[in-house]
Structures are given as C-alpha cells and as structure tokens.
> 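Quick one: the structure is below, and I'll ask about it shortly.
Index from 1, following the sequence. Quantities reported herein were computed from a predicted structural model and do not represent experimental measurements. Scope of the values below: all heavy atoms of this structure, side chains included, with no hydrogens, waters or symmetry mates.
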Amino acid sequence: MEESVIYQDIVQKEALKLISRQLKRRFGDIDGSLVEQVRNLSAELLEELGEKLLDFSEVADLVTWLE
C-alpha cells in the first residue's frame, strides 16, 4: 500500500500542509517562488525539510537548503 501512487500523493499533500504551516509561523509570508519549490518536493524531501526547519533561523537557511 505504501508504494501506491495514491498513498504517496496523500502523504505528500499532508506533509506539504504541515511544512507550509510551519514555514508561515516561523517566517511569515515567504516569496512565492520558494513556496513553489517546496510544493514540488517529494514526500521524503518534505519530511527531511520538516526536521531541518527546526534549525533554520532565517529564510536564507531555507533558500540554501533548497539549493
């Protein structure tokens, strides 16, 4: 089941919602291009970002991580 496309899509969408809320709370509104880059991440990368986000102190940290 975890390998199904539908399951992966649901996991990705839920992870994206969580990361988006965390980013907004931490940094307020961020540039649309950054939001789009985050939106295009896989579920696995969103989970990694969720952990790394705890160490970010400014939006530049997100930019660096996305590069």
> Does a sphere of radius 6.0 Å around CD in Glu36 hold more than 12 heavy atoms from other residues, nucleotides or ligands, not counting ones at 6.0 Å or beyond?
yes
> Is any side-chain heavy atom of Leu41 closer than 4.5 Å to a side-chain heavy atom of Leu66?
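A side-chain contact under 4.5 Å exists here.
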> Would you say that Leu34 contacts Phe27 through its side chain, given a criterion of any heavy-atom pair below 4.5 Å between the two side chains?
no
> Please indicate whether Ile6 has more than 12 foreign heavy atoms, meaning atoms of other residues, nucleotides or ligands, lying under 6.0 Å from its CD1.
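Counting other residues, nucleotides and ligands, CD1 of Ile6 stays at 12 neighbours or fewer.
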> Can you tell me if Glu44 has over 12 outside heavy atoms packed within less than 6.0 Å of its CD?
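No, the 6.0 Å shell around CD holds no more than 12 heavy atoms from other groups.
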> Could you state the interatomic distance from CG (Asp55) to CH2 (Trp65), rounded to the nearest 0.5 Å?
12.5 Å
> Give a yes or no on whether Val11 and Val38 share a hydrophobic cluster (residues Ile, Leu, Val, Met, Phe, Trp, Tyr; joining criterion: side-chain heavy atoms under 4.5 Å apart).
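No, Val11 and Val38 fall in different hydrophobic clusters.
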> How long is the straight-line distance from NZ of Lys24 back to CD1 of Ile19, given to the nearest 0.5 Å?
15.5 Å
> Identify the two heavy atoms, one from Gln12 and one from Arg39, that lie closest to each other, and give their separation to 0.1 Å.
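Result for this residue pair: NE2-O, 3.3 Å.
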> Within a strict 4.5 Å, meaning less than it, do heavy atoms of the Leu18 and Leu46 side chains meet?
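SC-SC contact between Leu18 and Leu46 ruled out.
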> Could I get the full list of side-chain contact (heavy atoms from CB on, under 4.5 Å) partners for Ser20, not counting sequence neighbours?
Leu16
> Looking at Asp61 and Glu58, would you say the former's side chain and the latter's main chain have a donor-acceptor pair under 3.5 Å?
yes
> Minimum heavy-atom separation for Gln8 to Ala43, with atom names?
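Where Gln8 meets Ala43 most closely, the heavy atoms are OE1-CB, 4.4 Å.
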> Assess the residue pair Leu62 and Leu49 against the criterion (side chain to side chain contact (heavy atoms under 4.5 Å, CB included)); give the C-alpha distance rounded to whole Å, side-chain angles, the decisive distance to 0.1 Å, and a yes or no.
CA-CA 9 Å; Leu62 173 62; Leu49 176 57; 3.9 Å; yes
